[in-house]
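Given the structure is predicted, the values throughout are model-derived calculations rather than measurements. Residue numbering restarts at 1 for every chain, and letters A, B, ... go by the order of the sequence lines.
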2 protein chains.
Amino acid sequence: MSVRDTEHVAIPLVCEGCAARHDGICSALTPVELLALASHTRHTRHDAGEALALESSEITGYANVTGGVVKLSRVLQDGRQQLVGLQFAPDLMGRLYGRENLLTAEAASDVELCRIPKAIFEALVASSSALKLRLLNQSLQDLDEARDWMVTLGRKTASEKVASVLLLIAQRSARGNKRVTFELPLGRADMADFLGLTIETVSRQISKLRHEGIVVVTNHRHIEVPDIEALRRRAG
Amino acid sequence: MSVRDTEHVAIPLVCEGCAARHDGICSALTPVELLALASHTRHTRHDAGEALALESSEITGYANVTGGVVKLSRVLQDGRQQLVGLQFAPDLMGRLYGRENLLTAEAASDVELCRIPKAIFEALVASSSALKLRLLNQSLQDLDEARDWMVTLGRKTASEKVASVLLLIAQRSARGNKRVTFELPLGRADMADFLGLTIETVSRQISKLRHEGIVVVTNHRHIEVPDIEALRRRAG
DNA sequence: CGTGAGATTGATTGGGATCAAGGATAGTGG
DNA sequence: CCACTATCCTTGATCCCAATCAATCTCACG
């Protein structure tokens with residue numbers, strides 16, 4: 001089989017135009033591998049608020065987030081909750097090699113998933129060095145982000161914390177421009193759980209940023225940031 | 001070459017009895033790979049408090065922690081500091097494929113390292129699927145731990161936080177027994193930076209745990225936990 | 001024994017939580 | 001199209017946990 005021959009294997013139809021194929025996990029796969037994988041995947045849609053995986057439940061498979069935003073959280077026995085991460089397309093969901101979920105995954109917005117059975121995906125990982133490397137890089141980056149957030153949680157003031165989430169979401173939503181407009185995938189309660197604050201404090205700090213002209217808020221969820229650098233300075 | 005023949009390759013002398021060879025990164029290597037690697041490693045000793053890597057400095061290599069405890073931290077511009085992790089033997093230090101350090105690494109206790117040049121180690125990773133897998137599992141576990149700690153930082157009270165560090169260190173120091181005795185690798189200032197608290201609050205909470213009989217403190221650094229389950233309950 | 005860094009304890013302050021009303025918004029059914 | 005309603009958000013008043021300020025105390029080390 002010549003090198004050119006691999007180009008004659010058609011990309012699965014469902015994968016055309018999928019974010020995961022270009023920037024996600026699937027970009028590490030050859031057309032042949034992608035074709036084999038596609039025959040085992042199942043696409044699902046989920047409304048905002050729907051639980052996608054429950055803490056302590058058995059892991060039945062993995063899933064690429066192909067649209068929307070997923071929030072990952074842990075809860076203490078008495079109900080205190082902490083969001084520990086957000087997943088945007090084309091992130092892969094599911095703790096590799098895990099037996100049970102350590103986290104709850106919930107749709108923050110309407111979400112589209114491309115689900116892959118556990119055994120199929122793990123076999124693919126075992127056989128593909130490129131995929132292993134891709135997953136390794138992904139988890140190292142997630143670790144960097146988790147550690148960054150530890151600084152936010154442990155050492156920033158309420159005001160800096162709120163600026164930090166807005167900045168995080170703004171950066172995911174638009175690139176490069178000084179002025180940024182976006183729709184918040186999180187309500188005030190989720191922001192509070194992400195920041196280790198209460199709803200009231202989040203609301204007050206957003207109001208403060210609004211009065212100071214750092215952000216323009218329309219309809220609670222819609223945010224405009226006239227000067228992203230000004231916001232960055234507020235994030236500490 | 002028969003299977004038995006690989007056993008005729010001698011394990012490098014320096015690797016005999018090394019923690020990394022049994023439980024660490026090196027356990028994923030064949031004797032041949034280990035031998036090749038050993039010729040490039042350099043063993044170093046460091047006193048408590050010594051900086052091992054500086055935030056924003058160039059990454060020049062990786063290192064196995066072969067003895068002692070290393071603390072990883074980030075600082076904000078104004079000096080506020082947050083510890084984001086501890087590394088015990090036989091953890092691997094250094095952000096794989098990183099160009100500059102995102103964290104400062106400092107010896108918490110006296111530390112022994114087995115240093116490996118960046119290029120040598122990366123070539124080894126590229127060639128060994130078993131090593132890739134091992135590193136992937138390590139970083140996934142670090143991510144789980146970072147997320148656990150996010151819950152501690154974001155949602156626990158000062159009292160629960162202090163119980164949480166003590167529990168973390170107790171679990172690393174001794175296994176299985178109900179009664180545990182250990183030496184703290186961190187002073188009060190480091191504990192405060194790990195927990196997002198002040199020295200005074202850490203000290204007060206330790207005193208409270210002492211008065212309640214949850215811990216016995218001798219010489220500030222030496223801790224006894226009569227009933228590890230009682231401590232676990234305090235950690236939330 | 002003296003010294004200095006680290007730890008403890010006490011007094012006071014303050015930032016964010018809690019308690020408590022209202023105000024906006026999106027969805028629903030008339 | 002417009003109440004009606006439930007949910008989410010905002011704002012205000014008060015409280016409390018942990019920070020800050022300040023004074024010893026302990027202990028390792030010369």
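- Regarding contacts with the backbone of C:dT9, a side-chain N or O of B:R210 is found under 4.0 angstrom from either OP1 or OP2.
- Between B:V162 and B:K208 the shortest side-chain heavy-atom distance does not fall below 4.5 Å.
- Each of D:dA18, D:dT20, C:dT9 was ranked by its minimum atom distance to the side chain of B:S203; first place goes to C:dT9.
- Closest to the side chain of A:T198, out of C:dG16, C:dT18, D:dT20, is C:dT18.
- Between B:F182 and B:L184 there is a side-chain heavy-atom pair separated by less than 4.5 Å.
- A donor N or O paired with an acceptor N or O is not found under 3.5 Å between the base of D:dC9 and the side-chain atoms of A:E200.
- Sequence order on DNA chain D of the closest nucleotides to A:L186 and A:R155 puts A:L186 first from the 5' end.
- Rounded to whole angstrom, the span from the CE atom of B:M191 across to the C1' atom of C:dG6 amounts to 11 Å.
- Residue A:A158 has its side chain nearest to C:dG16 when only D:dT11, C:dG16, C:dT25 are considered.
- Nucleotide C:dG22 holds its C1' atom 16 Å from the CD1 atom of A:I199, rounded to whole Å.
- Taking atom CD on B:Q205 and atom P on C:dA7, their separation rounds to 16 Å, with Å as the unit.
- Taking only side-chain atoms of A:L197, from C-beta outward, the nucleotide of C:dT25, D:dT20, C:dG16 with the closest atom is C:dG16.
- Residues satisfying the salt bridge (Lys or Arg N to Asp or Glu O under 4.0 Å) test with A:R210, not counting sequence neighbours, are none.
- In this structure, B:T201 does not reach the D:dA18 phosphate: none of its side-chain N or O atoms is under 4.0 Å from OP1 or OP2.
- At the heavy-atom level, A:S207 lies under 4.0 Å from the strands shown only through sugar-phosphate atoms.
- Using a 4.0 Å heavy-atom criterion, one finds that B:I206 contacts no nucleic acid atom at all.
- The side chain of A:R204 places no N or O atom within less than 4.0 Å of a non-bridging phosphate oxygen (OP1 or OP2) of D:dT10.
- When the C1' atoms of four end pairs are superposed on the next four at each end of the helix from C:dC1-D:dG30 to C:dG30-D:dC1, using five pairs per end, the two resulting axes differ in direction by 40°, to 10°.
- Side-chain N or O atoms of A:R155 include none that pairs as donor or acceptor with a backbone N or O of B:Q82 at under 3.5 Å.
- When rounded to the nearest whole Å, the span between CG of A:D110 and P of C:dA26 equals 15 Å.
- Contact check on B:K178 versus B:E229 returns no salt bridge, with no Lys/Arg side-chain nitrogen under 4.0 Å from an Asp/Glu carboxylate oxygen.
- Here B:G196 lies in heavy-atom contact (under 4.0 Å) with sugar-phosphate atoms only.
- No side-chain N or O of A:Q141 forms a donor-acceptor pair with one of A:N137 less than 3.5 Å apart.
- Across the protein-nucleic acid pair, A:L195 atom CG and C:dG15 atom P stand 18 Å apart, rounded to whole Å.
- Between A:K156 and A:H220, the residue anchored closer to the 5' end of DNA chain C is A:K156, taking for each the nucleotide with the nearest heavy atom.
- In terms of heavy atoms, A:G196 sits closest to A:L153 at N-CD2, 4.0 Å.
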